[in-house]
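All remarks here apply to the structure that follows.
Here the structure is a predicted model, which is why all the values come from computation and not from measurement.
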Amino acid sequence: MNSDHAFMARALELARKGLYSTHPNPRVGCVIVRDGRIVGEGWHARAGEPHAEVHALRQAGDKARGATAYVTLEPCSHHGRTPPCADALINAGISRVVAAMQDPNPQVGGDGLLRLMHAGIAVQSGVLEAEARALNAGFIKRMEQGLPFVRVKLAMSLDGRTAMASGESQWITGPAARAAVQRLRARSSVVLTGADTVLADDARLTVRADELGLGAELSALAQTRPPLRVLVDGRLRVPLSVPFFQAGAAMVATCAAASARDRYLDDGHELLAVPGSNGHVDLRRLLIELASRGANEVLVEAGPRLAGAFARLGLVDEYQLFVAPKLLGSSARPLLDLPLARMADAPALKIVEMRAVGDDWRIIAVPQPAA
């Protein structure tokens, strides 16, 4: 029904309010409708706090009895940090539940909808499912594959260069593009970079609230759950005195020998030993470890070597390319360290979005399966 789509679209709009704060939980919105009118709305803000259904039921009160609940994700059926939402809907007297998609969490996986049906509630699933899956792509991938969704951010000139030969790169893009990058950081579970970037740019990779361009409520929420900053430094080349470490606690992923790690033990930073070879960390093993810690989305902000390594290993789910109307010249550094010998070896990408961001352009592209 058209009304189902309209009410689910509103639930998705509410769910997006949790874009910057629900990690490691999914972003979920709920709308309760009775006699064609919305009587309750809610969205999940932070892990450990009430889920979207609970907020919506509280707002609806007695009007929830006999009403329809529109939820962007199957109501949970297990006891976690909060009680099952399926039980809350049953106890409130909801007569119909429309879910955008089933929960990929194996602890739920259809059990929530089944519990509702056994209680005599009419159930429908799959309304605006594509939109719901896009909103929680990281959570879904972590649940289904044990890996986070990897987004690689790159800023480049029109001739595809990321820095001058000297390494100078600030600033290729303008303020609007940099604000967009701040929002990408804020929505991520992890912001990951490499030793070259930290050494060359004095990068901190923090989320700066004054540059987010969000309202006060969402900016405040984004600050409550800042992303984990991860430095991939296989040989432990980066000294603890650099701004990256001075900006707060971080994780260093390395394959260096144990004897080289002692200097990190008393500085508040976590040192993660990851298998590797020739001083290069096994990136897939690192992603598996981050997913096991609840990381849904990983934002890679790195130089051509590390970004290229993610690309070569097929670990990239999405590229966010910020293109500035500048030419840096043939001696400037390339976008990716991705040596290719033949045109047939060139990875294919699908552009899913292109729009102006201030004076620059943002291109969102996803890898395509090999022919």
(message) Run D35 and K63 through salt bridge (Lys or Arg N to Asp or Glu O under 4.0 Å) and show every step you take.
(response) CA-CA 10 Å; D35 299 327; K63 294 178 182 178; over 6 Å; no

(message) Just to verify, which of D360, I363, T173, I172 counts as forming a side chain to side chain contact (heavy atoms under 4.5 Å, CB included) with F322?
(response) T173

Is the number of heavy atoms from other residues, nucleotides or ligands under 6.0 Å of [X] [atom1] greater than 12?
X: K141; atom1: NZ; answer: yes
X: R10; atom1: CZ; answer: yes
X: R284; atom1: CZ; answer: no
X: R204; atom1: CZ; answer: no
X: D159; atom1: CG; answer: yes

Rounded to the nearest 0.5 Å, what separates atom [atom1] in [X] from atom [atom2] in [Y]?
X: L306; Y: T197; atom1: CG; atom2: OG1; result: 7.5 Å
X: L154; Y: M156; atom1: CG; atom2: CE; result: 8.0 Å
X: L290; Y: L192; atom1: CG; atom2: CG; result: 7.0 Å
X: D282; Y: S277; atom1: CG; atom2: OG; result: 8.0 Å
X: I121; Y: I90; atom1: CD1; atom2: CD1; result: 5.0 Å

(message) Do N136 and R27 pair up side chain to side chain, a donor and an acceptor below 3.5 Å, judged on atom types alone?
(response) no

(message) Quiz question: by atom type and distance under 3.5 Å, do the side chains of S189 and H23 form a donor-acceptor pair?
(response) yes

Looking at [Y] and [X], is any side-chain nitrogen of the basic one under 4.0 Å from a carboxylate oxygen of the acidic one?
X: E297; Y: K153; answer: no
X: R355; Y: E353; answer: yes
X: R151; Y: D317; answer: no
X: K17; Y: E41; answer: no
X: R285; Y: E289; answer: no
X: D87; Y: R115; answer: yes
X: R46; Y: E49; answer: yes

Contact summary for [X] and [Y], nearest pair of heavy atoms:
X: C30; Y: V71; answer: SG-CG2, 4.0 Å
X: G66; Y: S95; answer: O-OG, 3.0 Å
X: V357; Y: R362; answer: CG2-CB, 3.7 Å
X: D337; Y: R312; answer: O-NH1, 2.5 Å
X: I94; Y: A64; answer: CD1-O, 3.4 Å
X: V31; Y: F7; answer: CG2-O, 4.0 Å

(request) Please report the C-alpha distance between V181 and E301 in whole Å, then the side-chain angles of each, then the deciding distance to 0.1 Å, and finally whether the side chain to side chain contact (heavy atoms under 4.5 Å, CB included) criterion is met. (result) CA-CA 10 Å; V181 172; E301 291 193 59; 3.8 Å; yes

[X] with [Y], same ILVMFWY side-chain cluster at under 4.5 Å:
X: V366; Y: V300; answer: no
X: V54; Y: L14; answer: no
X: L135; Y: M8; answer: yes
X: V352; Y: Y319; answer: no
X: V152; Y: V190; answer: yes

(message) Check whether F244 forms a cation-pi arrangement with R229 (NZ or CZ under 6.0 Å from the six-membered ring centre, at most 45° off the ring normal).
(response) yes

Is the backbone of [Y] close enough, under 3.5 Å, to the side chain of [X] for a donor and an acceptor to pair up by distance?
X: S21; Y: A45; result: yes
X: S188; Y: V191; result: no
X: Q368; Y: L349; result: no
X: T254; Y: A273; result: no

Side chain proximity check, [X] to [Y], heavy atoms < 4.5 angstrom:
X: W43; Y: H55; answer: no
X: C255; Y: H280; answer: no
X: I140; Y: N296; answer: no
X: M101; Y: L128; answer: no
X: D4; Y: Q124; answer: yes
X: V316; Y: F149; answer: no

(request) Mind running side chain to side chain contact (heavy atoms under 4.5 Å, CB included) on Y70 and V97 for me, showing each step along the way? (result) CA-CA 6 Å; Y70 295 87; V97 171; over 6 Å; no

(message) side chain to side chain contact (heavy atoms under 4.5 Å, CB included), that's the test. Do V207 and Q182 meet it? Break it down for me.
(response) CA-CA 6 Å; V207 175; Q182 286 292 313; 4.2 Å; yes

